[in-house]
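Some notes on the structure that comes next.
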Amino acid sequence: MESDILDSHGFLIGEELEGDDFHYVEEDQKNENIGPSSIPYPSSTGSKNNDLIRNSRIGELASNKAGLQGIDKEKVKQIIYEASKNSAFYLNEEKKDEALSIKLKQMMKKYESLKKQNLSTINSKVDNLVQVAERERDLSHIIVHIDMDAFYASIEERDNPSLRNKPMAVGDNSMLTTSNYEARNYGVRSAMPGFIAKKLCPELIIVPCNFDKYRAVSKQIREIFSRYDPDYTPMSLDEAYLDITKYLDTIDESPDNVVEQIRREIHEETKLTASAGIAANKLLAKICSDLNKPNGQYRLQNNVDDIMNFIRPLSVRKIPGIGRVTERILNEMDIKTCGAILDNRVYIHQMFSSSSFNFFIRAALGIGSNIVKTDHKRKSKSISRTFSSLSKPDDLYEKLRELADHLAADLLKERLQGKTIAITFKLVNFKMITRERSVKKYIHTADDIYNIGKQVIFININRIIPLQTFESTLITFINRF
DNA sequence: TACATACAC
DNA sequence: CATGGTGTATGTA
């Protein structure tokens with residue numbers, strides 16, 4: 001996706017928030033995670049409605065660059081706010097935001113006191129840790145990240161020409177998974193409810209998901225990937241990492257030309273476009289693949305100076321693993337770019353866990369993994385469905401039955417078994433509660449899942465979840481292995 | 001182990 | 001007439 005506020009390198013600073021396509025990932029999820037998860041932040045001022053619009057998921061939906069042929073950003077925000085403000089969903093977002101603000105405020109208290117201290121004794125220790133990270137830098141591989149452009153939407157347009165050049169999205173009235181570029185001009189984005197999108201763009205055409213088709217196309221592009229790296233890592237149906245180092249040894253071509261060729265083959269064989277990033281590791285390749293979207297590629301040379309010049313002005317939000325919340329925390333400390341992470345490394349060190357510190361520092365140095373493998377061991381299997389409020393426990397058990405049957409069937413396909421069953425209740429107010437139970441022996445049958453799940457539900461209906469709220473709307477079973 | 005949060009897609 | 005589903009990592013108790 002094209003950026004609007006560019007610095008000398010063409011990188012986006014500050015603004016951003018285009019958020020990529022949002023895809024259901026039904027298979028081959030290789031989420032190699034990364035970032036700091038729950039950060040022990042405490043703190044902030046009870047921010048109000050306006051802040052919520054700015055900070056929450058709802059605000060995030062509005063903050064992209066709408067406004068070419070459609071409406072401007074303020075208008076988009078306003079429409080989303082009007083459509084959301086009285087909903088249970090919005091209320092829950094507001095609550096979550098308040099909690100976050102309190103934590104942020106406490107964090108800031110700590111930060112302010114740190115700023116008054118003399119931290120010079122810690123300096124050398126921190127610099128040492130930076131040196132340790134620097135020694136991990138490996139510039140010997142050429143890693144490619146390939147990302148299909150508006151994947152689901154492009155497939156639907158390809159197969160139905162009447163959809164072309166019109167604002168269109170894939171999904172349904174309650175949730176969109178992808179929108180095409182015309183729709184994005186109206187502020188219509190993935191992860192936006194269809195009914196809100198329609199308010200932003202009344203002409204919007206919403207096409208239902210067709211996963212079988214997307215999977216088939218995914219298989220096609222993966223076959224192409226395997227020609228260049230048999231050990232490529234698929235991250236989702238439309239995205240993958242390749243290590244083309246070995247391939248380059250067999251041929252007298254530049255990395256850029258090879259990637260052009262991959263993208264050309266994708267286009268010839270699927271009539272779809274892809275974008276790509278080429279760099280020394282997965283972190284950098286991923287960031288690069290976003291820079292010349294759609295239908296473009298970006299090469300970052302395997303050279304420390306180039307990498308540092310590239311990463312220094314980059315908004316922290318561009319780092320995979322730094323999301324809305326972490327960005328907010330960093331911004332609160334006046335850290336907006338990767339360069340600022342390095343400049344404030346001592347504060348980062350004192351404010352965060354060591355694993356978070358290590359993550360931030362490596363990201364800011366442009367250091368990341370360059371291991372690209374196909375094999376992957378799954379750690380959990382889950383199934384979840386949202387349904388309208390239920391009033392009787394028996395209704396809940398019935399849902400449990402259905403989901404347990406499905407889950408067991410899926411487990412059988414992969415010959416999986418596990419020892420932990422977790423159930424997530426989504427209450428009518430959108431609050432999520434999870435309760436789990438581990439057992440001694442491995443289980444995999446629908447009956448076992450059902451029976452354990454039923455106990456978990458039974459206990460919590462009577463004790464933790466008040467009868468009223470157990471008009472919950474969702475159940476998830478998670479099986480850990 | 002149990003639960004919550006953050007993140008990606 | 002209304003805001004999804006699957007998976008991973010991490011912090012805290």
Look at the side chain of [X] and decide which nucleotide, out of [options], has an atom nearest to it.
{"X": "Val325(A)", "options": "dT8(C), dT3(C), dC7(B)", "answer": "dC7(B)"}
{"X": "Glu436(A)", "options": "dT3(C), dC3(B), dT8(C)", "answer": "dC3(B)"}
{"X": "Ser384(A)", "options": "dT6(C), dC7(B), dT3(C)", "answer": "dT6(C)"}
{"X": "Ser84(A)", "options": "dT8(C), dT6(C), dT3(C)", "answer": "dT3(C)"}
{"X": "Ser353(A)", "options": "dG11(C), dC9(B), dA2(C)", "answer": "dG11(C)"}
{"X": "Ser355(A)", "options": "dC3(B), dT10(C), dT3(C)", "answer": "dT10(C)"}

Please confirm whether the shortest side-chain N or O distance from [X] to OP1 or OP2 of [N] is below 4.0 Å.
{"X": "Arg378(A)", "N": "dT6(C)", "result": "no"}
{"X": "Lys85(A)", "N": "dT3(C)", "result": "no"}
{"X": "Thr326(A)", "N": "dC7(B)", "result": "yes"}
{"X": "His376(A)", "N": "dG7(C)", "result": "no"}
{"X": "Arg385(A)", "N": "dT6(C)", "result": "yes"}
{"X": "Thr386(A)", "N": "dG5(C)", "result": "yes"}

### Query
On DNA chain C, nearest-nucleotide positions of Phe430(A) versus Lys379(A): which is more 5'?
Phe430(A)
### Query
Is a side-chain donor-acceptor pair under 3.5 Å present for Ser218(A) with Arg222(A)?
yes
### Task
Take atom NZ of Lys95(A) as the centre, draw a 6.0 Å sphere, and report whether it contains more than 12 heavy atoms from other residues, nucleotides or ligands.
no
### Query
Is there any salt bridge (charged side-chain N to carboxylate O under 4.0 Å, His left out) pair reaching into residues 348-365 of chain A, and which pairs are they, with sequence neighbours excluded?
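Listed by first then second residue: Glu136(A)-Arg362(A).
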### Query
Partners of Glu74(A) by side-chain contact (heavy atoms from CB on, under 4.5 Å), sequence neighbours excluded?
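Testing Glu74(A) for side-chain contact (heavy atoms from CB on, under 4.5 Å), a comparison that skips the adjacent residues, returns Asp72(A), Lys77(A).
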